[in-house]
Amino acid sequence: MSGISLGRVTALLLMSRAAGFILTLGNSVILARVLGAERLGEYAYAMGIAALFGLLPNMGISTIVTRAIAQDPVEGQGVFRAALRAQALLAGGIMIFIPAFAALLPEQPVSLLYIGLAATQLAIGTLSWPYLAVLGGRARYDRLAIAELAAGFSGTVFLLAAAIHGGVTAFLTAHVLAAGIALLVARHIAAPFLQTGGSQMMPLGTLFRQGAPFGAGAAVQSLYTRVDILLLGQMATALAVGLYSAAYKPINMAVYFGAAAAGTLFPLMVQAPKGSAPDALVRVMRGAGVAAPAMALLFSGLAAPLLQTLYGEEFAPAASILIVLAWSAAANWLYAPMGVALQARGWEHWWLAGMGGGLVLNFSLNLWSIPRWGAAGAAAATLISEVALLGFATVLILRELSILPFFQPVIGGLAASVAGGGVLWWLLREVGPIPATLGSLVVYGGLLVLFRIITFKNVATAMGWIRQAAMEWPRG
C-alpha cells in the first residue's frame, strides 16, 4: 500500500458506489410508488427476514479470499475454489432455513411465498461473492465497480418490467432474476484474473475456521441492522413498516457510503507498527467528524420534501423517522473507521463483543419502544444503540492506540453541530426546508473554518483526490 494514495482509492470507490446508490434509490422509488405504503410494508418484511441472515452465508469467506489473492494470486486459487464450493453449500442451506425460520415466528404477516422468493434471491446473490473477492484481492476497483453497476442496472430493468404487473410477487421474482444476471456478470469480469493452475483446494474445514471470526462479526452486524424491521413486523402494522422502510432507504445508503470510505483503512492498519496510529487513520477520523454532522443536517432539513418527492404524499409522516435515523447514521460514520482499525489490529473479538452488546441493547429498546411509539420508537432505539457503539469503539481505540481525537476538533465540531441544528430548527418554521438547510450548513461550515477544524487547503486536497480518481477510471 505504500505506493497507493488512500485518498485517491477512497475517492474511486465512493464515486463508483455513488452511481450504484442512484440506481438503488431509483429502485426504491419504483417500489414505493407502485406498491404503496401497505404493500411496501409486506415487501419490506419479506426482504427484512431474508436480510437478517444476509451476511451469515459469508462466514468470513470473502475476506479470506481477498487476503489470499492479495498475498499470492496463484496460491490463492486453492482458497478461491474452496470458497465456490462453500458458497454453494451455504446458498442451499439458507434457501431452506430462512422460510423455516419465518414459519416458526408467532405471527405470519405475509405469505411464505414472499419469504421463499426473498431467500432465493439472497442465495443466488451469495454465489457471486467469491468472484468479487478476487477483484478486491487484485485491487481492481474499476472492474469491481463495473460488476456492481451492471448488477444494479439489471435490477432496475427487471423492476421496471415487474412494475407492469405491480404485485409483491412480481417484484420479488424480479430480484431473483437480477441476482442470476449479477452472478453471470461477476463471473465474466473476474475470469481474466483467475489462474488456471494454482495450489490444491483448501479444505472446507480450514476455510471456515479461518473465516469464523469475520463471519461471526458479519452475522451479528446483519442482525443488529435488521432487528428493528423484524420487531416492527411482529409488533406494529404493515403501514408502520412501510413508513419506516421508506425513511430507512436513504439512510441505509448513507451508512454504506461511510463504510466504503472506512474500509480502505484495513491494509494500512494491518501494516502499521503495534501501538501506533497511521496518519491516515487520524485524517479519516477527522474527515468523518466533519462530514457526519453535515450529512445529518442535510437529511434533517430535507426529510419531508425528499420523502414526498421520491415516494409520494402518503410517506410524508416518515419525515420525523428519517431525521432520527440521520443522526444515527452520523454516529455510524464516526465509529466506522475505529471499527475497521480495531479488526485490523487483532481486536476483532472485542469488536464482536461490542456489536453483540449493541444487538442486545437494540433488541431490548425496540421491544420497549415499538409498542409505545411504533416506527418512531424503532428509530430512537437505533440512535441510542449507535451512540453506545460509538462510545465503546472510542474506549477501545484509546486502549489500543493511545490516541483520541484532539479536543479542539471534538469540542469545535460539537459546537458547530449544535449551532447548525439550532439554526435549522428555527429556520424551518420561518423560511421552509431548502433555505433552512442551506442556512444551517453555512453556519456549520463557517464555524468549522472559524475554529480551524477545516481549511481551504483540506478542500483543495480532497478535490485533487477526486480528479485523480476520475482520470484513473477510464484507464481501467
Side-chain angles (χ1 to χ4, degrees), residues 23-54 91 94-126 151-182 222 225-250 252-253 307 310-315 317-318 321 374-375 378:
L23 289 174
T24 302
L25 186 60
N27 293 346
S28 68
V29 172
I30 295 171
L31 287 165
R33 289 194 172 274
V34 174
L35 293 178
E38 186 167 350
R39 287 196 299 169
L40 179 63
E42 296 175 355
Y43 164 88
Y45 180 81
M47 294 293 287
I49 290 291
L52 274 173
F53 308 96
I94 62 175
M95 287 183 64
I96 299 172
F97 178 77
I98 292 176
F101 170 80
L104 293 176
L105 293 174
E107 300 292 335
Q108 306 296 328
V110 304
S111 168
L112 287 179
L113 173 63
Y114 296 171
I115 306 294
L117 288 171
T120 301
Q121 66 87 26
L122 172 63
I124 296 175
T126 63
F153 180 76
S154 64
T156 300
V157 170
F158 282 116
L159 281 182
L160 287 171
I164 299 174
H165 183 276
V168 176
T169 302
F171 281 115
L172 292 173
T173 302
H175 286 317
V176 173
L177 296 174
I181 295 297
S222 179
T225 57
R226 294 295 179 176
V227 69
D228 45 6
I229 287 288
L230 171 64
L231 293 179
L232 273 173
Q234 292 291 304
M235 304 169 67
T237 64
L239 177 62
V241 180
L243 292 175
Y244 189 83
S245 176
Y248 209 92
K249 288 290 185 182
N252 191 44
M253 289 187 285
L307 290 170
L310 293 177
Y311 307 126
E313 290 291 336
E314 64 177 323
F315 290 92
I321 302 170

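Count residues from 1 along the sequence. What you see is a predicted model; the values in this text were computed from it and never measured.
Atom CG of N27 and atom NE2 of H175 lie 7.5 Å apart (nearest 0.5 Å). Between the CD atom in E314 and the CG atom in L307 there is a gap of 11.5 Å [rounded to 0.5 Å]. Note that OH of Y248 and CD1 of I321 are 12.5 Å apart. Values are rounded to the nearest 0.5 Å. The CD atom of Q121 sits 10.0 Å away from the OG1 atom of T126 when rounded to the nearest 0.5 Å. Note that OG1 of T173 is 4.5 Å distant from CG of L117, once rounded to the nearest 0.5 Å. Note that CZ of F171 is 5.0 Å distant from CG of L35, once rounded to the nearest 0.5 Å.
Across I115 and A102, no two heavy atoms sit closer than the pair CG2-CB, 3.8 Å. Pairing each heavy atom of G233 with each of P109, the nearest pair is O-CG, 4.1 Å. Of all non-hydrogen atoms in G152 and L23, the two that sit nearest each other are C-CD1, 3.7 Å. Taking each heavy atom of M95 and A119 in turn, the nearest pair found is CG-O, 4.3 Å. Of all non-hydrogen atoms in A247 and A318, the two that sit nearest each other are CB-O, 3.8 Å. Shown here for P317 and L243, the closest heavy-atom pair between the two residues is CB-CD1, 4.4 Å.
In this structure L231 satisfies the side-chain contact (heavy atoms from CB on, under 4.5 Å) test together with V227, M235, F363, N366, L367, I370, sequence neighbours excluded. Under the rule for a side chain to side chain donor-acceptor pair (under 3.5 Å), E38 has no partner lying at least two apart in sequence or in another chain. With sequence neighbours excluded, the residues forming a side-chain contact (heavy atoms from CB on, under 4.5 Å) with L160 are I30, T156, listed by chain and number.
No side-chain heavy atom of V168 sits under 4.5 Å from any side-chain heavy atom of V110. With a 4.5 Å cut-off on side-chain heavy atoms, L172 and M47 count as touching. Annotation: side chain of I124 is in contact with side chain of T120 (closest heavy-atom distance under 4.5 Å). Two residues are said to be in side-chain contact when any heavy atoms from C-beta on lie closer than 4.5 Å; F315 and R33 fail this criterion.
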**Report entry** Worked check of side-chain hydrogen bond (donor to acceptor under 3.5 Å, both in side chains) between S28 and Y311
**Finding:** CA-CA 8 Å; S28 68; Y311 307 126; 3.1 Å; yes
